[in-house]
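Quick notes on the structure that follows.
Sequence lines set the chain letters: A, B, ... in the order given, protein chains first and strands last, and positions in each chain run from 1.
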2 protein chains.
Amino acid sequence: MTPRRSSVADGTEDQVFAALASPVRRDVLRLLREGGPQPVQELAAHFDMARPSFSEHLRVLREAGLVSERKDGRQRFYRLDAVPLAEVQDWLHPYERFWRERMAELGKVLDNLEDE
Amino acid sequence: MTPRRSSVADGTEDQVFAALASPVRRDVLRLLREGGPQPVQELAAHFDMARPSFSEHLRVLREAGLVSERKDGRQRFYRLDAVPLAEVQDWLHPYERFWRERMAELGKVLDNLEDE
DNA sequence: TTGATAGGTAGGAAAAAACCTACCTATACT
DNA sequence: AGTATAGGTAGGTTTTTTCCTACCTATCAA
């Protein structure tokens, strides 16, 4: 069975793309991907920024459906929710033949240069 | 031969993601993909916006390396430059296994529900 | 119960993005 | 030459985003 896209709490396409526009937020996603679920303090330690500002970034990611939180004692563990990124890949797909064509051309030009 | 990424006039990763954050700009890319190279007026006709505002969107796309222009008489034809989108796909790639795992789980749950 | 820690919300300043009108330049048409 | 068209830049306003300090709530530990 193929699971359906845009299930329960996913953000809109707009929210997902907007969330990815910030390098801080892309970094948070990477940290979660590389380090697994982590409490806020551990994530925040990587950024030179006041805590409430960081909370705001987490909110944007949450509302885009890209992360979710689980309370554990007084900590909140955030984890990656990658499903909305599949939507980005879907968006990307119809462009793929264009960049492939282009890169093939470039490759040919460069190969010819190397022959000389 | 495999062509190298990040060739000559591509924008930075930041510029590409920021360019994609606007629905207007994503729409422009779609129009260029579907309709091929087009003069500004033909593109602009799809948006309810003053011309200079639209020019600004084109500038952002240009500086991200996502479109390029060619002068022809007094018109400027814009065309899609999809290569920076390959960079987005590269960025996306390490997340793929996460969304696949997750969608597989979801699929299983849904299949079980249907059995009842 | 008192104090410390985790992490959020409230409210506001500063910076950036998105939009506008007015204007400029280049090409084309008569 | 004179006028129209395509599309850009200049400069300014409005809106959104990003960041801050101050404060609140919940949990843990003494």
So do the side chains of [X] and [Y] get within less than 4.5 Å of each other, counting heavy atoms only?
| X | Y | answer |
| --- | --- | --- |
| B/E69 | B/F77 | no |
| B/V60 | B/L66 | no |
| B/L32 | B/Q38 | yes |

- Message: The side chain of A/V40 is closest to which nucleotide in this list: C/dG8, D/dG8, D/dA6?
- Response: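 Taking heavy atoms from C-beta onward, the closest nucleotide is C/dG8.
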In whole angstrom, give the distance that lies between atom [atom1] of [X] and atom [atom2] of [N].
| X | N | atom1 | atom2 | result |
| --- | --- | --- | --- | --- |
| A/Q75 | C/dG8 | CD | P | 12 Å |
| A/F77 | C/dG7 | CZ | C1' | 13 Å |
| B/Q41 | C/dA28 | CD | P | 14 Å |
| A/L58 | D/dT17 | CG | P | 17 Å |
| B/R76 | C/dT27 | CZ | P | 9 Å |
| A/L61 | C/dG7 | CG | P | 16 Å |
| A/Q38 | C/dG7 | CD | P | 11 Å |
| B/E69 | C/dT27 | CD | P | 13 Å |

- Under 4.0 Å protein heavy-atom contacts per nucleotide of nucleotides 18-24 of chain C, with B for base, S for backbone only and - for none: SBBBB--
- Can you give one letter per nucleotide of nucleotides 25-30 of chain D, 5' to 3': B if a protein heavy atom sits under 4.0 Å from the base, S if only from the sugar-phosphate, - if neither? -SBBS-
- Item | Helix axis bend for the helix from C/dT1-D/dA30 to C/dT30-D/dA1 - C1'-based end axes, five pairs, 10° rounding |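 The end-segment axes of the helix from C/dT1-D/dA30 to C/dT30-D/dA1 are tilted 20° relative to each other.
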- Measure from the side-chain N and O atoms of A/E34 to the backbone N and O of A/L31, and report whether any donor-acceptor pair falls under 3.5 Å.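 Side chain of A/E34 to backbone of A/L31, a donor-acceptor pair under 3.5 Å: no, none is there.
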- Item | Whether B/Y95 side chain and A/R33 backbone form a donor-acceptor pair below 3.5 Å |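 Pair absent, no side-chain N/O of B/Y95 close to backbone of A/R33.
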- Message: With a 4.0 Å cutoff (strictly under), does any side-chain N or O of B/S55 reach OP1 or OP2 of D/dG7?
- Response: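 No, no such contact exists.
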- Message: By the 4.0 Å heavy-atom rule, please label B/Y78 as base, sugar-phosphate, or nothing.
- Response: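 Result for B/Y78 = sugar-phosphate.
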- Message: Among residues at least two apart in sequence or on other chains, which ones pass side chain to side chain donor-acceptor pair (under 3.5 Å) with A/S68?
- Response: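 Partners of A/S68 under the side chain to side chain donor-acceptor pair (under 3.5 Å) test: A/D81.
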- Task: Before giving the answer on side chain to side chain contact (heavy atoms under 4.5 Å, CB included), spell out for A/E96 and B/Q89 the whole-Å C-alpha distance, their side-chain angles and the decisive distance to 0.1 Å.
- Result: CA-CA 9 Å; A/E96 184 162 353; B/Q89 201 185 46; 3.5 Å; yes
Side-chain donor-acceptor pairs of residues 42-51 of chain B under 3.5 Å, sequence neighbours excluded:
{"from": "B/H46", "atom 1": "ND1", "to": "B/E42", "atom 2": "O", "distance (Å)": "3.2"}
{"from": "B/H46", "atom 1": "ND1", "to": "B/L43", "atom 2": "O", "distance (Å)": "3.3"}

- Considering all heavy atoms of both residues, which atom of B/V67 and which atom of B/Y78 are nearest to each other, and what is their separation?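 The pair with the smallest heavy-atom distance is CG2-CD2, 3.7 Å.
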- For residues A/R25 and A/A19, report the shortest heavy-atom separation together with the two atoms involved.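 Closest approach of A/R25 to A/A19, heavy atoms only: NE-O, 2.8 Å.
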- Message: I'd like to check the side chain to side chain contact (heavy atoms under 4.5 Å, CB included) partners of B/E13; sequence neighbours left out, ordered by chain and number.
- Response: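 Once residues adjacent in sequence are excluded, the partners of B/E13 under the side chain to side chain contact (heavy atoms under 4.5 Å, CB included) criterion are A/R26, B/F17, B/E87, B/W91.
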